[in-house]
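Here the structure comes first, spelled out in structure tokens, and everything after it is commentary.
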Amino acid sequence: MTDRSSHDRPFSKRSLAAQAMGLVEPVTKAVVPPIHVATTYLRDPDNGYSSGFVYGRPDNATVREAEDVVAMLEDAPAGALLFGSGMAAATAVFRALDPGDHVVAPAVMYWALRQWLLTEGRRAGLEVTLVETSDLDALRAAVRPGATKLVWIETPANPLWTITDIAAAAEIAHAAGARLAVDSTCASPYHTRPLALGADVVMHAATKILNGHSDVVAGVLAGRENDAFWQRLATIRKGEGGILGPFEAYLLMRGMRTFHLRAAAQAASAMALAERLSAHPNVAAVLYPGLPGHPGHDVARRQMENGFGYMLSIRVAGGERAAIATAAGVALWTRATSLGGVESLIEHRASIEGPDTPCPPDLLRLSVGCEDVEDLHADLDRALRAAHG
Ligand code: PLP
């Protein structure tokens with residue numbers, strides 16, 4: 001770390017992230033720390049491990065450095081734990097529960113996690129209730145005091161971008177004796193800090209905007225309290241070998257240095273596109289929490305800052321065929337799954353989620369990247385018009 005002692009005001013998260021929290025390699029003074037690839041560490045003559053590192057499965061210095069940046073971004077007193085994917089991070093939270101525990105999760109959420117809950121989660125003995133968590137009365141009715149151990153929410157939630165009130169959900173969960181975990185992938189720490197709003201654990205698919213370059217699969221948990229539950233999450237990560245690889249951790253750190261710049265640009269473009277597409281003759285609806293007509297707009301304004309994120313969906317007039325034809329007709333947008341990268345992605349979501357998806361067939365999911373927003377708009381406008389003949 002460089003010496004910050006002469007400075008009299010705290011540095012912003014953007015400054016800290018840009019410099020990887022002032023990390024300087026102590027031997028060479030390199031301002032980009034090396035990637036620690038060792039799987040094992042020299043033991044001291046007295047049989048101890050004075051460096052604190054023993055073996056590469058539970059821990060790795062490059063991984064720890066990236067974890068420190070995430071913990072800083074999320075204001076997470078318990079710290080952060082990096083996993084080999086977002087799914088590995090998310091499922092660890094459910095695996096830290098006991099058979100028979102009741103969990104409540106959103107009816108519309110990241111589809112692969114919903115599928116996992118309904119299959120593997122139930123097979124592990126969890127009682128799973130899916131409910132529209134943006135409806136607080138429905139959430140209140142779904143929790144069972146004493147039996148519900150975890151409320152899981154995602155906000156904004158894939159792919160309809162519904163908003164759940166984090167502070168209210170925390171109150172409901174805690175009153176029932178449950179913890180609240182938040183998948184904040186699509187809000188990102190630039191817009192929302194769920195722990196400050198009462199959540200116990202926040203999860204990110206770091207694959208998305210935290211890394212931001214579509215070249216790393218990673219997941220992370222950040223915790224409010226270093227309690228028995230957090231310790232169990234650490235035991236699962238360390239014992240089961242779900243740790244992120246050091247090269248991926250290095251790439252993630254490199255991505256996070258520009259996180260604030262990317263997140264600001266992508267949210268501004270997403271807002272501009274949402275507004276302009278709302279007036280498009282071939283668009284039946286725009287789903288984006290930044291629009292005043294979005295049902296979650298007021299809650300989003302309360303719990304999100306700096307804008308409303310980089311994800312939106314459009315429902316294409318003319319239905320499924322017109323939606324697929326629109327995706328087929330773009331030249332600048334990239335037709336691919338995933339989200340949060342510097343390149344804008346367009347996806348016909350229902351066809352990837354399968355027959356039991358709650359996603360409407362006319363929906364295109366848009367992940368807004370860093371390209372010129374005028375180019376993005378012109379490309380989509382042309383594809384929409386061409387799809388409608
Ligand atoms: N949560 C959300 C909101 C996602 O969009 C994704 C992936 O698309 C995940 C979790 C899972 O992350 P990963 O693909 O890194 O396992």
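Every heavy atom of this structure was used, including side-chain atoms; hydrogens, water molecules and symmetry mates were not. Both ligands and their constituent atoms are indexed starting at 1 by order of listing.
Remark: R140 engages D137 in a salt bridge, criterion side-chain N to carboxylate O under 4.0 Å. Ion pairing of R179 with E225 is absent here, as no side-chain N (NZ or NE/NH1/NH2) approaches a carboxylate O to less than 4.0 Å.
Among pairs with a residue in residues 302-315, those fulfilling salt bridge (Lys or Arg N to Asp or Glu O under 4.0 Å) read D165-R302, R193-E305, R315-D362, at least two apart in sequence or across chains. Pairs passing the salt bridge (Lys or Arg N to Asp or Glu O under 4.0 Å) check and including a residue from residues 20-48, sequence neighbours excluded, do not occur.
Judged purely by distance below 3.5 Å, without hydrogens or angles, the side chains of H204 and E74 pair a donor atom with an acceptor atom.
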Result block: side-chain N/O donor-acceptor pairs under 3.5 angstrom for residues 251-258, not counting sequence neighbours:
| residue | atom | partner | partner atom | Å |
| --- | --- | --- | --- | --- |
| R257 | NH1 | A18 | O | 3.3 |
| T258 | OG1 | G255 | O | 3.2 |
| T258 | OG1 | R262 | NE | 3.1 |

Output, or 'none' if empty, a list of ligand 1-protein atom pairs in which both atoms are N or O and the distance is under 3.5 Å, rounded to 0.1 Å.
| residue | atom | partner | partner atom | Å |
| --- | --- | --- | --- | --- |
| ligand 1 | 1 (N) | D183 | OD2 | 2.7 |
| ligand 1 | 5 (O) | N158 | ND2 | 3.4 |
| ligand 1 | 8 (O) | K208 | NZ | 2.9 |
| ligand 1 | 15 (O) | G86 | N | 2.8 |
| ligand 1 | 15 (O) | T207 | OG1 | 2.6 |
| ligand 1 | 16 (O) | G86 | N | 3.1 |
| ligand 1 | 16 (O) | M87 | N | 2.8 |

